[in-house]
Amino acid sequence: MPKCGLKFVKFATWNVNSIRARISNVLSWLRAANPNVVMLQEIKVVDECFPRLKIQELGYQCIVHGQKGYNGVAILSNRGFGDVLPYLPGGKEEDARYLEATIDDVRVVNIYLPNGNPANSEKYIYKLSWMKRLKMRAKELLIDEMPVILGGDYNVIPTDDDVYDHNELQGNAVIKPEIRAAFREILWLGYTDAFRAKNPTKHRYSYWDYSGRAWQNNRGFLIDHLLLSPQAADRLEDAGIDTNPRGQKKASDHTPVWCTLADRSMTKIMP
DNA sequence: ATGCCTCGACTATCGAGA
C-alpha cells in the first residue's frame, strides 16, 4: 500500500440496496471514483455470500455485518482495518445496522439508521431509541480525541432545504421535528456534517425514489451523511455527492456521498 | 392517501423500503 505520498484519504457512504443486485455498479464506481474507504448499507446478504473476491480484485479488503434479506452493512478499505466492533453498544441488537473499525488513525463508524415509518408505530419508537443509543456512542467516541467519521444512511432529512418538497413529506419519519432534533443532538456534541461544511448550495440530494420518475425530475432527499468529529473536521479537504451512479442502469435508489481528509502523514508535520 | 419501483424470499405473491 502506498501510504507515503498520499495527501488525502477519500471516504464514502453508499446505500447500495442489495450488494448482489448492485455488484457491477459498485465495481465500476470503485474504479471510477477510487475511494480509499467505503461504508455500504443495505447489502441484504449474509456474511458468507458477500462478493468479497470481486472487490478484493480491486485492492479492497472487506469487513461485513450481514443479514439475510434485509439491512446489512459492510466497510471496504484499501488501507486495512483494526479493532472491529459490529454492534451499537447500549442495547439489544435487532438488525445488522452497525459496523465500526479503525482505519489508519481514524475511527470509521458505518450506520444504517432505522427508517421509522409509519410514524407513531413500534418502528418509529425503535428509530428514536436507536438514535439515542447512537448519540451515546458518538459522545463516547469523542473522549480520546481520535478522528471519528460517523457515516451512513441516517434516514433523516436535516432541513427543509434538503428535500424537493417538504410539504409532501409531512408526518414522515424522515422529516419529523422530533427526529431532526435527535439528529441535531448528535451534531451539537461537536460533529460537523462534511457535505454541508463544503457545499452551501441548497437542494442537493443523495436519494431518489424508484417510483414516479423521481430521478428524472430531481425529486430527492438528502439522507446520507458523513459526520466528522473535531479532529476529523480539522482535516476535511472536500466533500460532495457523486450523482453518476444514480443515472446508471440498474441503479440503487441512493448515490454515494464522499469526503476527503488530509492523510495522517500530513498532520505529523510540525511548524 | 401512502407504494407510481425494486429487492429478496419464494416460486405467487408479499413485506419492506423512505
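Chain naming here is simple, since letters A, B, ... match the order of the sequence lines and numbering starts at 1 in each. All values below were derived from every heavy atom in this structure, side-chain atoms included, with hydrogens, water molecules and symmetry-related copies excluded.
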Contacts of type side-chain contact (heavy atoms from CB on, under 4.5 Å), residue A:Phe50, not counting sequence neighbours | A:Ile19, A:Leu40, A:Ile43, A:Val45, A:Arg52, A:Ile55, A:Cys62, A:Val64, A:Ala74, A:Leu76

Please work out if A:Asp224 contacts a base, only the sugar-phosphate, or nothing of the nucleic acid, heavy-atom cut-off 4.0 Å.
-> nothing

Keeping to residues at least two apart or across chains, list the salt bridge (charged side-chain N to carboxylate O under 4.0 Å, His left out) pairs with something in residues 148-176 of chain A.
-> A:Asp160-A:Arg180, A:Asp161-A:Lys202, A:Asp162-A:Arg196

Which listed nucleotide (B:dG17, B:dG8, B:dA9) is nearest to the side chain of A:Ala21?
-> B:dG8

Identify, between A:His254 and A:Gln67, the residue whose nearest nucleotide on DNA chain B lies closer to the 5' end.
-> A:Gln67

Only counting residues at least two apart or in another chain, list the ones meeting salt bridge (charged side-chain N to carboxylate O under 4.0 Å, His left out) with A:Arg20.
-> none

Span that lies between the P atom of B:dT13 and that of B:dA1, in whole angstrom | 30 Å

If a pair satisfies ring pair (Phe, Tyr, Trp, His ring centres under 6.0 Å) and one of its residues is in residues 151-177 of chain A, list it, with sequence neighbours excluded.
-> A:Tyr154-A:Phe183, A:Tyr154-A:His225

Check nucleotides 4-6 of chain B for protein N or O atoms closer than 3.5 Å to its own N or O atoms and list the pairs.
none

Which residues satisfy the side-chain hydrogen bond (donor to acceptor under 3.5 Å, both in side chains) test with A:Asn36, sequence neighbours excluded?
-> A:Asn78

Under the side-chain contact (heavy atoms from CB on, under 4.5 Å) test, which residues partner A:Asn218, sequence neighbours left out?
-> A:Tyr205, A:Trp208

Please work out if A:Asn15 contacts a base, only the sugar-phosphate, or nothing of the nucleic acid, heavy-atom cut-off 4.0 Å.
-> sugar-phosphate

Listed in order of residue number, which residues of residues 114-125 of chain A have a non-hydrogen atom at under 4.0 Å from DNA chain B?
-> A:Asn115, A:Asn117, A:Lys123

Short question: side chain of A:Thr260, backbone of A:Phe8 - any donor-acceptor pair under 3.5 Å?
-> no

Given the P atoms of B:dT2 and B:dG15, what is the spacing between them in whole Å?
-> 15 Å

With a non-hydrogen cut-off below 4.0 angstrom, is A:Tyr112 in contact with a base, only sugar-phosphate, or nothing?
-> sugar-phosphate

In chain order, what residues pass the salt bridge (charged side-chain N to carboxylate O under 4.0 Å, His left out) check against A:Glu140, with sequence neighbours excluded?
-> A:Arg137

